Number of protein chains: 2
Amino acid sequence: MDLKSYLKDRAAEVDAALDRFLPAAKEQPGTIHEAMRYSVFAGGKRLRPILCLAAAEACGGDPESAMPPACALELLHTYSLVHDDLPCMDDDDLRRGRPTCHKVYGEGMAVLTGDALLTEAFLILAETPPAKRYPASSYIADLALAGGSTGMIGGQVMDLEGEGKELSKAQLVKIHKAKTAALLTSSIRLGAMTANATEAKLESLTAFGQALGLAFQVIDDILDVTQSTEKLGKTAGKDEAVDKATYPSIIGLEKSRKEAAKLTKQAMAALEPFGKKALRLRQIAEYLLERDY
Amino acid sequence: MDLKSYLKDRAAEVDAALDRFLPAAKEQPGTIHEAMRYSVFAGGKRLRPILCLAAAEACGGDPESAMPPACALELLHTYSLVHDDLPCMDDDDLRRGRPTCHKVYGEGMAVLTGDALLTEAFLILAETPPAKRYPASSYIADLALAGGSTGMIGGQVMDLEGEGKELSKAQLVKIHKAKTAALLTSSIRLGAMTANATEAKLESLTAFGQALGLAFQVIDDILDVTQSTEKLGKTAGKDEAVDKATYPSIIGLEKSRKEAAKLTKQAMAALEPFGKKALRLRQIAEYLLERDY
């Protein structure tokens, strides 16, 4: 199967699982369950869940066992977008080409929708079958650390505080590690854990995730400069408008492209011990680098 | 030991544990860890953690094992207050007599602070030692259900949607069950679970928690009408100002007082099977009813 079909099939499986896990829209109170589903089923690529499933595969595991963490990861990612779009944060009206949650349901409801998605992520994660090396609590701790005040949320704080300031490349790397790479890395780690991966394998995949996560963010920064709003499905040129430090603004566009390529090479190297089993992870990393930036 | 000393000692133990569990204020990024600590160490009575510890005691358990869920409960409660106080929600400037989180740190940071407290709650909960009948995942699921879209968050949604509308007593009970009783009940259940409580005991304590939670909310409604802002440590008369349905507004002050007394009696009856071991739970329920309303 080519990568495109693989990604499409896996995304459809994740969507079906999300539909099963999420409370029905008619469950009381209906508004919050509608708003949760509106935000989750908005045409996302399901990158984090697919990485989780592919990591389970790379470690010889069963993708079915990796489905609860895969869905938890997508809910956690979605909650962060809902809160990030709020007027008191990035103040964005468009997300994936559609009005953002607070534009449709109001600000108070968008705060609660994000809260509910985050809570639901842990509820679903609790359904992950424990592996021999990894009890249920290790999944919870991994995701909570990646999404918490020293991980993703910490990255958003540094991002907020860095607006309008001159940042060094080192500071920017720190922000991106926390804001993006932490959750991508956890996506891969959780998948590997459901496959009862050895410590050595988990370490290799952690290195893969960190390099991939940084590459992903560098490319996102580049696309914000080079692409149209229509093509991005979200407001383009946003970073410059709020005077946010980005790779292109600090080291220039050409060097940013080279940085992305270098990071992806690092990511590939980390996959070597897995041989053919890491085919999909390798292809996904290539696909992320070959986006039209 | 009299109840007052017991409550004071237990609150001090919980505060010490929270201080150990929470990231230090100097940990990067400092602002969010400061804001988390500002919100958590604001003079709260630690009612939920103390109920959790007392429930463990009632089931013959070790309060030390119940400390992680006790702290997780307080963080979850605190996050709900931080988000509830936001301008797009209840828009409150004062909480426990001090400026609310968003007044001090700004709205964006208050959203992130709440998010971080909720995430930290699950991180800490993952440290609960599993009991024979209750694996780690059962604690996570219990708290996530109590705090989620059909529990506490659902209650807040119904509350928001009910503003300015005439509600029946049945509708109000439904809101209070979700908004307040669910988390109080989970506080008691989690403590009992750390003590490896039998199913029958867990059921009795669930009934106790539900009755106590409703009584607590009725009394809160009454106090909002009868007490001064100074005495409450938060803005009084708030419910009436936003035309929110409350027990006093639906059934009147006298009937509300009787309702609170009746619910507390129900709560007491649920404790009968525990005999002397439930001394503290019984005293706490009495103390909550005997607040000066």
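Just so it is clear, the structure is predicted and the values come from calculations on it, not from any experiment. Lettering of chains follows the sequences in order, A, B, ..., and the numbering in each one begins at 1. No hydrogens, no waters, no symmetry mates; every other heavy atom, side chains included, goes into these values.
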Hey, could you give me the [atom1]/[atom2] distance between [X] and [Y], rounded to the nearest 0.5 Å?
{"X": "A:Asp142", "Y": "B:Leu123", "atom1": "CG", "atom2": "CG", "answer": "10.0 Å"}
{"X": "B:Leu112", "Y": "A:Asp84", "atom1": "CG", "atom2": "CG", "answer": "8.0 Å"}
{"X": "B:Asp115", "Y": "A:Met152", "atom1": "CG", "atom2": "CE", "answer": "7.5 Å"}
{"X": "B:Leu118", "Y": "A:Thr119", "atom1": "CG", "atom2": "OG1", "answer": "4.5 Å"}

List the atom of [X], the atom of [Y], and the distance in Å for their closest heavy-atom pair.
{"X": "A:Pro29", "Y": "B:Gly154", "answer": "CG-O, 3.5 Å"}
{"X": "A:Cys88", "Y": "B:Val111", "answer": "SG-CG2, 3.8 Å"}
{"X": "B:Ala126", "Y": "A:Ser137", "answer": "O-CB, 3.2 Å"}

task: Between chain A and each of B:Ala144, B:Ala110, B:Ser149, count heavy-atom pairs under 4.5 Å; write down the option with the most.
output: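 It is B:Ser149.
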message: Counting heavy-atom pairs under 4.5 Å with chain A, which one of B:Leu160, B:Thr150, B:Leu143, B:Ile124 comes out on top?
response: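 Heavy-atom pairs under 4.5 Å are most numerous for B:Thr150.
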message: Counting C-beta onward and ignoring hydrogens, is there a side-chain heavy-atom pair between B:Leu125 and A:Phe122 closer than 4.5 Å?
response: no
- request: Measure the shortest side-chain to side-chain distance between B:Met158 and A:Gln28 over non-hydrogen atoms and say whether it is less than 4.5 angstrom.
  value: no
message: Need one label for B:Pro135: side chain, backbone, both or neither, based on atoms under 4.5 Å from any heavy atom in chain A.
response: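 For B:Pro135, there is no contact with chain A at all, as no heavy atom is under 4.5 Å.
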query: Does any heavy atom of chain A fall under 4.5 Å from the side chain of B:Tyr139, the backbone, both, or neither of them?
result: neither
query: In terms of heavy-atom pairs under 4.5 Å with chain B, which of A:Ser80, A:Gly108, A:Gly151 leads?
result: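 Most pairs with chain B among the choices: A:Gly108.
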query: So which of A:His83, A:Glu120, A:Glu107, A:His102 has the largest heavy-atom pair count under 4.5 angstrom toward chain B?
result: A:His83
- request: For atom NZ of B:Lys177, decide whether the heavy atoms of other residues, nucleotides or ligands shown that lie under 6.0 angstrom number more than 12.
  value: no
Whether over 12 other heavy atoms sit under 6.0 Å from A:Glu27 CD: yes
